[in-house]
S.K.: 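Can you keep this structure in mind? I'll have questions shortly.
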Amino acid sequence: MGMKYDYPDSPLYRLRHSAAHLLAQAVLELYPGAKLGVGPPIENGFYYDFDLPQPIGEEDLPKIEAKMREIAARNLDIVRIETSREEARQLIEQIGQVPYKLELLDAIPEGETISFYQQGDFIDLCRGPHVQNTSEIKHFKLLSIAGAYWRGDERNKMLTRIYGTAFFTQEELEDYLHRLEEAKKRDHRKLGRELGLFMIAPEVGPGLPMLLPKGATVRRVLEEFILKEELRAGYLHVRTPEIANLNLYRLSGHYPYYKDSMYPPMVFEDGEELILRPMNCPHHFLIYKSEPRSYRDLPLRIAELGTVYRYEKSGELSGLIRVRCFTINDAHVFLRPEQIKAEVQHNIELIQKVYQRLNLTDFWYRLSLRDPDNKEKYIDDDAMWETAETALREALDELGLEYIAVKGEAAFYGPKLDVEVRDCLGREWTISTVQLDFLMAHRFDLEYTGEDGKPHRPVIIHRAPIGSFERMMGFLIEHYAGAFPLWLAPVQLTVLPIADRHLEYARQVYERLREAGYRVELDARRETLGYKIRYHQTQKVPYMLIVGDKEVEGNLVAVRSREAGDMGQVTIETLLERLQQEITD
RNA sequence: GCCGACGUAGCUCAGCGGUAGAGCGGCGCACUCGUAAUGCGCAGGUCGUGGGUUCGAGUCCCACCGUCGGCUCCA
């Protein structure tokens with residue numbers, strides 16, 4: 001995290017900001033009449049938004065980049081100019097940067113300094129800071145071009161955004177470009193095809209992936225793992241239907257808000273409206289409500305691998321990461337307000353177990369709180385918010401966990417705790433969430449009988465350690481680059497007989513492992529050993545077991561590990577022990 | 001949904017107005033092989049779909065569908 005939060009004050013940030021200005025200047029010189037939007041540094045580079053007099057494409061980037069280099073070489077000093085609001089307005093009109101820059105000017109709060117930065121005849125409304133001279137901007141590259149709504153609002157005009165990156169040294173730049181290449185190689189969509197994990201058929205529909213046998217195996221192993229852990233943690237699993245009467249979502253209050261993400265209802269002649277569910281919560285609430293609950297029953301943990309359907313806009317779909325039908329590792333915990341802290345800790349423990357098993361080590365917690373200056377966005381119950389936010393903080397503090405607290409990120413019905421993970425390429429993902437909910441118990445009139453014999457409202461926790469299985473699988477494929485750990489690998493071992501005369505023994509080895517519960521394949525093809533090894537290596541099988549004359553004779557197998565290569569011969573017994581050991585680790 | 005780019009054999013890609021190509025994969029034959037590709041041969045495409053321009057269209061134009069990069073939204 002460290003670097004990220006210092007980043008806005010860092011020299012690199014400044015360099016990239018200046019690179020963005022350089023880009024803007026180049027575009028204005030090449031396309032007179034272009035209007036400037038905004039052009040900030042971003043995590044891995046910078047962008048600038050333009051309203052261009054003509055459409056441009058990716059093929060125009062080299063030309064723009066060349067112009068940038070030309071301008072940089074002019075050794076222009078970058079000068080800060082402070083003005084009054086009125087002067088600023090005149091200046092913007094004079095340089096013809098209406099309407100966008102004027103809108104930005106108007107958005108600057110009263111009393112704040114208004115500044116421009118000038119380099120040569122280019123001048124731009126900007127807070128700064130910048131490097132001192134354009135010649136300092138040396139190691140940069142334009143990467144892509146995209147549309148972006150003015151001020152991020154889809155009702156506004158779409159501008160043309162040019163993305164680029166910049167570094168202090170050529171080496172860092174190349175390193176970054178190399179990382180982008182690596183990310184491409186790990187793309188779960190590419191690996192999904194190469195490793196036979198899943199497919200998407202337009203005939204079925206976009207955003208509706210189908211798991212192939214190997215992908216389904218990974219999914220099943222993940223499911224078995226989480227179900228076992230949840231049973232241990234006291235969850236009760238239920239099964240509920242994937243369609244429901246639309247009134248259920250009118251009751252929950254989701255329908256008006258969530259309508260755009262829901263498939264249209266199926267309307268029958270008698271007026272009944274059924275709908276594909278976009279979430280599992282209401283079903284679980286009704287299960288809670290199906291019998292009277294005592295304070296002694298709480299926390300009550302209702303869990304389900306619940307499949308939901310959300311209509312995502314076509315442009316948002318992406319492999320397994322963003323789909324229209326997915327299964328959440330969902331649960332709703334009903335509890336007394338004083339149980340919040342303990343239950344949150346209970347949740348964190350489960351999350352930690354999951355992450356440990358998945359070998360995710362670089363993760364942290366983000367506490368999303370209400371914005372105290374903007375309370376009308378949230379449900380009105382100060383005492384409840386206070387209790388919940390304090391409980392969340394205490395839960396984390398007691399466990400000695402570091403977290404970042406973000407104000408204004410809470411849901412309108414309660415604060416939440418997200419877990420952010422960094423994958424091996426440094427990209428951040430939000431996988432798990434623990435969300436407090438003070439609203440739905442009211443909406444569904446959920447109660448429990450307290451010690452005092454009176455009815456009370458339970459607090460509800462929504463939580464999903466795995467998030468959606470689809471997204472988790474996409475993440476894991478990229479994180480492991482398709483090389484799943486032994487326990488999760490769709491094919492754990494392949495037996496490779498060297499010649500036909502070893503086939504019988506190979507089959508015995510294969511059967512033995514299969515009976516021991518391993519996912520094993522026998523490659524009986526009449527191919528050379530080198531060919532088979534290469535094939536299974538590219539399929540990322542954790543272990544290959546090679547059997548030839550020596551192994552048949554000594555009742556052994558020669559083990560080749562995906563990571564370490566040839567590991568020598570062992571007996572099957574030894575192999576089984578080692579495999580067992582590796583899986584329990 | 002919006003902006004831009006791209007859809008040619010199962011996969012990766014070449015061809016960009018004049019009779020559809022390569023490598024890998026598949027199948028067949030030979031080889032029976034010791035730690036990342038044995039050799040030879042064969043099959044496989046209404047060039048995303050539908051219109052249009054042209055003597056002639058993977059190749060140019062339009063629409064639709066899909067994919068990719070973004071935006072908005074999100075598990």
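Letters go in sequence order (proteins before strands), and every chain restarts at 1. Every value quoted in this text rests on a predicted model; they were computed, and no experiment measured them.
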S.K.: Could you measure between the two P atoms, the one in B:rC2 and the one in B:rG44, and give it in whole Å?
M.R.: 41 Å
S.K.: Identify the nucleotide, in any strand shown, that forms a Watson-Crick or G-U wobble pair with B:rU54, with both distances under 3.5 Å; if there is none, say none.
M.R.: none
S.K.: So which nucleotide does B:rG4 pair with, by the Watson-Crick or G-U wobble rule with both distances under 3.5 Å?
M.R.: B:rC68
S.K.: Do the side chains of A:R324 and A:E312 get close enough for a salt bridge, i.e. N-O under 4.0 angstrom?
M.R.: no
S.K.: Under 4.0 Å, counting only non-hydrogen atoms across every strand here, what does A:V308 touch: a base, just sugar-phosphate, or nothing?
M.R.: nothing
S.K.: To the nearest Å, give me how far apart CE (A:M544) and C1' (B:rG34) are.
M.R.: 14 Å
S.K.: Taking the nucleotide of RNA chain B with the closest heavy atom to each, which residue, A:I466 or A:E154, is nearer the 5' end?
M.R.: A:E154
S.K.: OP1 or OP2 of B:rC3 versus the side-chain N and O atoms of A:T160: is any pair under 4.0 Å?
M.R.: no
S.K.: Considering every strand and a 4.0 Å limit on heavy-atom distances, what is the contact class for A:Y258: base, sugar-phosphate, or nothing?
M.R.: nothing
S.K.: Could you say whether the aromatic ring of A:Y531 and the base of B:rA36 stack, counting only centre distances under 5.5 Å and plane angles under 30°?
M.R.: no
S.K.: Which of the following nucleotides, B:rG34, B:rU35, B:rG1, is nearest to the side chain of A:K550?
M.R.: B:rG34
S.K.: On a whole-Å scale, what distance lies between the C1' atoms belonging to B:rC3 and B:rU19?
M.R.: 40 Å
S.K.: Can you check the A:R193 CZ to B:rC24 C1' distance for me, whole Å?
M.R.: 14 Å
S.K.: Between protein and nucleic acid, restricted to nucleotides 68-70 of chain B and to nitrogen or oxygen atoms under 3.5 Å apart, what atom pairs and distances do you find?
M.R.:
{"residue": "B:rC68", "atom": "OP1", "partner": "A:R189", "partner atom": "NH1", "Å": "3.0"}
{"residue": "B:rG69", "atom": "OP1", "partner": "A:R189", "partner atom": "NH2", "Å": "2.7"}
{"residue": "B:rG69", "atom": "OP2", "partner": "A:R189", "partner atom": "NH1", "Å": "3.3"}
{"residue": "B:rG70", "atom": "O3'", "partner": "A:Y163", "partner atom": "OH", "Å": "2.9"}
{"residue": "B:rG70", "atom": "O2'", "partner": "A:Y163", "partner atom": "OH", "Å": "3.2"}
{"residue": "B:rG70", "atom": "N2", "partner": "A:G147", "partner atom": "O", "Å": "3.3"}
{"residue": "B:rG70", "atom": "N3", "partner": "A:G147", "partner atom": "O", "Å": "3.4"}

S.K.: Does the base of B:rA75 carry an N or O that pairs as donor and acceptor with the side chain of A:Q435 under 3.5 Å?
M.R.: no
S.K.: When you check the side-chain N and O atoms of A:Y413 and A:R443, is any donor under 3.5 Å from an acceptor?
M.R.: no
S.K.: Can you tell me the Watson-Crick or wobble partner of B:rG34, both distances under 3.5 angstrom?
M.R.: none
S.K.: How close or far is atom P of B:rU35 from atom CD1 of A:I498, stated in whole angstroms?
M.R.: 8 Å
S.K.: Can you list every pair that meets salt bridge (Lys or Arg N to Asp or Glu O under 4.0 Å) and has a residue in residues 541-557 of chain A, with sequence neighbours left out?
M.R.: A:R501-A:D549
S.K.: Taking atom types as modelled, is there a side-chain donor on A:R310 or A:Y263 under 3.5 Å from an acceptor on the other?
M.R.: no
S.K.: For A:L320 and B:rC74, what is the distance between atoms CG and P respectively, to the nearest whole Å?
M.R.: 21 Å
S.K.: For A:P278 and A:M262, work out which heavy atoms get closest and say how close.
M.R.: CG-CG, 3.6 Å
S.K.: Quick one: is the NZ or CZ of A:R370 closer than 6.0 Å to the six-membered ring centre of A:F412, and within 45° of its axis?
M.R.: no
S.K.: Please state the C1' separation for the pair B:rG45 and B:rC31 - nearest whole angstrom.
M.R.: 33 Å
S.K.: Mark yes or no for whether A:Y365, through its side chain, and A:E420, through its backbone, hold a donor-acceptor pair below 3.5 Å.
M.R.: no
S.K.: For A:E194 and B:rC24, give me the distance from atom CD to atom C1', rounded to whole Å.
M.R.: 12 Å
S.K.: Would you mind classifying the nucleic acid contact of A:G152 as base, sugar-phosphate or nothing, using non-hydrogen atoms under 4.0 angstrom?
M.R.: sugar-phosphate
S.K.: Please state the C1' separation for the pair B:rC16 and B:rC61 - nearest whole angstrom.
M.R.: 15 Å
S.K.: Would you kindly say whether A:R219 and A:T327 are connected by a side-chain donor-acceptor distance under 3.5 Å?
M.R.: yes
S.K.: Is there a Watson-Crick or G-U wobble partner for B:rC47 with both distances under 3.5 Å, and which nucleotide is it?
M.R.: none
S.K.: Send over the distance from A:R151 CZ to B:rC71 P, rounded to a whole Å.
M.R.: 17 Å
S.K.: Are a donor atom and an acceptor atom from the side chains of A:E230 and A:N329 found within less than 3.5 Å of each other?
M.R.: yes
S.K.: A:Q539 has an atom CD; how far is it from atom C1' of B:rU35, in whole Å?
M.R.: 18 Å
S.K.: Identify which nucleotide among B:rA36, B:rU72, B:rG34 has an atom closest to any side-chain atom of A:R534, counting heavy atoms from C-beta outward.
M.R.: B:rA36
S.K.: Among the nucleotides B:rA37, B:rG34, B:rU72, which one has an atom lying closest to any side-chain atom of A:Q569?
M.R.: B:rG34
S.K.: Could you tell me if A:R525 sits above the aromatic ring of A:Y535, with its cationic atom closer than 6.0 Å to the ring centre and no more than 45 degrees from the axis?
M.R.: yes
S.K.: A cation-pi test, strictly: NZ or CZ of A:R161 under 6.0 Å from the centre of the six-membered ring of A:Y47 and no more than 45 degrees from its axis. Yes or no?
M.R.: yes
S.K.: Ignoring hydrogens and angles, are the base of B:rC74 and the side chain of A:R471 linked by a donor-acceptor pair under 3.5 Å?
M.R.: yes
S.K.: With a 4.0 Å cut-off on heavy atoms, is A:E527 in touch with a base, just the backbone sugar-phosphate, or nothing at all?
M.R.: base
S.K.: Partner of B:rC74 by Watson-Crick or G-U wobble geometry, both contacts under 3.5 Å, or none?
M.R.: none
S.K.: Applying the Watson-Crick and G-U wobble criteria at under 3.5 Å, what pairs with B:rA22? Answer none if nothing qualifies.
M.R.: B:rU12
S.K.: Between B:rA14 and B:rG23, how many Å separate the two C1' atoms, rounded to a whole number?
M.R.: 11 Å
S.K.: Taking the six-membered ring for Trp, are A:F285 and A:F334 parallel (under 30°), tilted (30 to 60°) or perpendicular (over 60°)?
M.R.: perpendicular
S.K.: Could you measure between the two P atoms, the one in B:rC65 and the one in B:rU46, and give it in whole Å?
M.R.: 23 Å
S.K.: Quick one: label A:R501 by what it contacts on the DNA or RNA (base, sugar-phosphate, nothing), any heavy atom closer than 4.0 Å.
M.R.: sugar-phosphate
S.K.: Reckon A:D549 touches a base, only the sugar-phosphate, or nothing at all at heavy-atom distances under 4.0 Å?
M.R.: base
S.K.: Figure out the NZ/P separation between A:K532 and B:rU38, and round it to whole Å.
M.R.: 11 Å
S.K.: Under 4.0 Å from any atom of RNA chain B, heavy atoms only: list the residues of residues 196-206 of chain A that qualify, in numerical order.
M.R.: A:P206
S.K.: With a non-hydrogen cut-off below 4.0 angstrom, is A:S314 in contact with a base, only sugar-phosphate, or nothing?
M.R.: base
S.K.: If the C1' atom of B:rC40 is compared with that of B:rG51, how far apart are they to the nearest Å?
M.R.: 47 Å
S.K.: Does any donor atom in the side chain of A:E563 or A:Y543 lie under 3.5 Å from an acceptor atom in the other side chain?
M.R.: no
S.K.: When the C1' atoms of B:rG7 and B:rU49 are compared, how many Å lie between them, rounded to an integer?
M.R.: 11 Å
S.K.: According to the Watson-Crick and G-U wobble definitions, with both distances under 3.5 Å, which nucleotide is paired to B:rG28?
M.R.: B:rC40
S.K.: So, is B:rG44 syn or anti if syn means the angle is within 90° of 0?
M.R.: anti
